[in-house]
Amino acid sequence: MKRHLLISLALIAAGVCASAQSPNGWRGPENNGSYPDKGLLNKWPDDGPQMIFETLDAGKGYSSPQVVDDRIYITGLNDQENKEQLSCYTLDGKKLWSVEYGNPWRQSYPEARTTPTYSDGKLYVISGMGEIACINAKDGKIVWTVDGGQKYQRQTGNWGTSECPLVYDNKVIYTPCGNQTTIVALNKETGEEIWKSRALNEKSGYVSPILITWKGKRQIIGSTNQTAFGADPDTGEIMWTFSDWGPNFYGGRGGRSNDNIAPNSALFKDGRIFFCHGYDINGFQIQLADDLKSVKLTWRTDVMDTHHGGYVLVNGYIYGSNWLNNNAGNWCCLDWNTGELKYETAWTGKGKGSIITVDGKLLLYDERRGTVGLAAPNPAKFEVTSEFRIANGSGPYWAHPTINNGNLYIRHGEALYAYKLK
């Protein structure tokens, strides 16, 4: 009886830990590009899967849709393109409301970037200028806003703030960087500061932090423009840093400066962390110590340097695209344990792009022409078995796809689409 009680308590504790993080955040419930849906089509019709709806009024943006219950939430610019707005749609594409919540980045690529995070009936977003907003999911009314960019004197690179909120427990996480702090936690009900970390005196990257659990402890994994770091999620204490990106990364410390283009969230599994960024900076894997206070390098890659399309881990292999130049890239596969390159292959007629995984499949979104591809996660070869093209919308095809209840939700600028994959 005592043993059963202890097991029950352990399971309850594990459930509390797992449920503390919002399952409705950036790149799926675990923030790693993996979606739990099953029973999806193994091959699409020649003209693509069945379209559920198309709408052209989402506003310009690169963010992903967030689907919760019977509603779709997505950020974009307003009609005047001078404010960022959050819009709510029904599952058949009818817009219910839109609300302006902050200011877009005013220089290069001002389109909205933040994917909303949903938690307990509210949505959380971060504008291109670093304003954090909490919005009622039912009616779109703003609950609170904090000008985090101004309050924390954020320092960014050439493209402002491009971050999706991490929400867990009673906290909303934002990474202003600069000389005042690196990462801060706000109360998700009021917007009041709970903690702020020490400053690393660096600019922010374009990275959305993730929450991991290792050896019974939790940690936030994030990155500035120069330094990957781990922070205590309860206090904000930065426990470790890693800035040895390799010989191609100068970080503004001399020679070529590559300090403004850290755009990808980390992958985490079994105590190991993988980061890679484009522009020939390449990537690395590090091992997190059992006490979560230090890391050590396990391997590097000089092939996979994902621009900003993310990467996924499937059955011990990392899949994603690399950067050859701003308009081109190949698709790659690496062994998670060793970093060994399994393949580097062009997608004929397409380029690099974003990637997610669902139901034992890879779903690719080519950023050049908007081709959506279906592929098997096979380390022996790269093979796209089905594809179709997103026709409408404007700007680069930079949004990451979303899967919910067997449906694909995907955007191109102001165009938002839904397709049936079952």
Side-chain angles (χ1 to χ4, degrees), residues 22-59 61-76 86-98 114-119 123 137-138 164 309-310 312 314 353-367 370-377 384-393 397-422:
S22 169
N24 303 108
W26 167 235
R27 282 177 58 81
E30 299 297 328
N31 304 137
N32 60 4
S34 179
Y35 291 83
D37 300 62
K38 300 294 183 183
L40 305 188
L41 295 170
N42 292 318
K43 187 174 178 60
W44 299 334
D46 291 343
D47 57 352
Q50 177 184 344
M51 183 189 293
I52 300 171
F53 72 81
E54 171 193 16
T55 182
L56 301 178
D57 61 356
Y62 306 126
S63 62
S64 300
Q66 186 68 258
V67 186
V68 183
D69 299 327
D70 60 349
R71 295 290 181 265
I72 306 164
Y73 305 97
I74 192 167
T75 61
L86 175 69
S87 297
C88 173
Y89 293 84
T90 63
L91 295 182
D92 58 1
K94 178 183 177 183
K95 183 181 281 192
L96 297 177
W97 52 258
S98 291
T114 184
T115 295
T117 298
Y118 175 93
S119 180
L123 296 151
K138 183 177 180 180
C164 308
V312 295
V314 184
S354 55
I355 185 171
I356 60 173
T357 180
V358 60
D359 194 26
K361 305 169 179 66
L362 301 177
L363 198 149
L364 322 173
Y365 190 25
D366 156 50
E367 72 174 36
T371 302
V372 184
L374 182 67
V384 177
T385 57
S386 297
E387 59 183 58
F388 71 100
R389 184 168 179 258
I390 300 297
N392 292 322
Y397 296 84
W398 282 346
H400 294 216
T402 297
I403 305 289
N404 183 274
N405 197 29
N407 296 327
L408 166 66
Y409 298 89
I410 195 165
R411 71 132 15 114
H412 175 218
E414 64 275 16
L416 173 63
Y417 291 85
Y419 295 89
K420 189 174 182 179
L421 296 188
K422 280 193 173 182

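Everything quoted here is computed from the prediction, not taken from an experiment. Values reported hereafter were calculated over all heavy atoms of this structure, with side chains retained and with hydrogens, waters and symmetry mates removed.
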Checklist line | Non-hydrogen atoms of Asn24 and Val67 that approach each other most closely | finding: ND2-O, 4.0 Å

Check: Rounded to the nearest 0.5 Å, how far apart are CH2 of Trp26 and OG1 of Thr402?
Finding: 8.0 Å

Check: For the atom pair CD (Gln50) and CG (Leu421), what is the distance rounded to the nearest 0.5 Å?
Finding: 10.5 Å

Margin query: Are the side chains of Ser63 and Ile74 in contact, using a 4.5 Å heavy-atom criterion?
Written below: yes

Notebook entry, point to check: Which pair of non-hydrogen atoms, one from Asn405 and one from Asp37, has the smallest distance, and what is that distance?
Noted result: N-OD2, 2.8 Å

Checklist line | Asn392 side chain to Ala415 backbone, donor-acceptor under 3.5 Å | finding: no

Notebook entry, point to check: Of all residues at least two apart in sequence or in a different chain, which pass the side-chain contact (heavy atoms from CB on, under 4.5 Å) check with Lys95?
Noted result: Asp57, Gln85, Ser87, Tyr89, Ser98

Checklist line | Exercise: identify the closest heavy-atom pair between Tyr419 and Ile52 | finding: C-CD1, 3.8 Å

Checklist line | Atom pair CD/CD1 of Glu54 and Ile410 - distance to nearest 0.5 Å | finding: 12.5 Å

Next item on the list: Return yes if some donor-acceptor pair links the side-chain N/O of Ser64 with the main-chain N/O of Thr115 below 3.5 Å, else return no.
Entry: no

Margin query: Check whether Arg411 reaches the backbone of Pro65 with its side chain - one donor and one acceptor, N or O, closer than 3.5 Å.
Written below: no

Margin query: Quick check against the 3.5 Å criterion: does Lys43 have a side-chain atom that pairs as donor or acceptor with the backbone of Thr385?
Written below: yes

Checklist line | Partners passing side-chain contact (heavy atoms from CB on, under 4.5 Å) against Ser354 (at least two apart in sequence or in another chain) | finding: Tyr365, His400, Pro401

Checklist line | From OH (Tyr417) to OG1 (Thr55), nearest 0.5 Å | finding: 10.0 Å

Check: When rounded to the nearest 0.5 angstrom, what is the spacing between CG in Leu41 and CG in Leu408?
Finding: 11.5 Å

Margin query: The criterion is ring pair (Phe, Tyr, Trp, His ring centres under 6.0 Å); which residues satisfy it with Tyr62, sequence neighbours excluded?
Written below: Trp398

Notebook entry, point to check: Is the NZ atom of Lys420 crowded by more than 12 outside heavy atoms at less than 6.0 Å?
Noted result: no

Next item on the list: Grab the two heavy atoms, one from Asp359 and one from Gly39, that are nearest each other, plus how far apart they are.
Entry: OD2-N, 3.3 Å

Check: Any side-chain heavy atom of Asn407 within less than 4.5 Å of one from Leu91?
Finding: no

Note to self: Between Tyr35 and Gly28 (side chain of the first, backbone of the second, donor and acceptor by atom type, cut-off under 3.5 Å), is there such a pair?
What the structure shows: yes

Margin query: Strictly distance-based, threshold 3.5 Å: is any side-chain N or O of Glu387 a donor or acceptor partner for the main-chain N or O of Thr371?
Written below: no

Item checked: Heavy-atom pair of closest approach, residues Tyr73 and Cys88 -> CE2-SG, 3.6 Å

Next item on the list: Return the minimal non-hydrogen interatomic distance between Gln66 and Thr117, and the atom names on each side.
Entry: NE2-CA, 4.3 Å

Next item on the list: For residues Leu86 and Pro116, determine if any side-chain heavy atom of one lies less than 4.5 Å from a side-chain heavy atom of the other.
Entry: yes

Note to self: A quick test of your reading: do over 12 heavy atoms of other residues, nucleotides or ligands sit less than 6.0 Å from CG of Asp70?
What the structure shows: yes

Note to self: So, taking the atom named CZ in Arg389 and the one named OH in Tyr397, what distance separates them when rounded to the nearest 0.5 Å?
What the structure shows: 4.5 Å

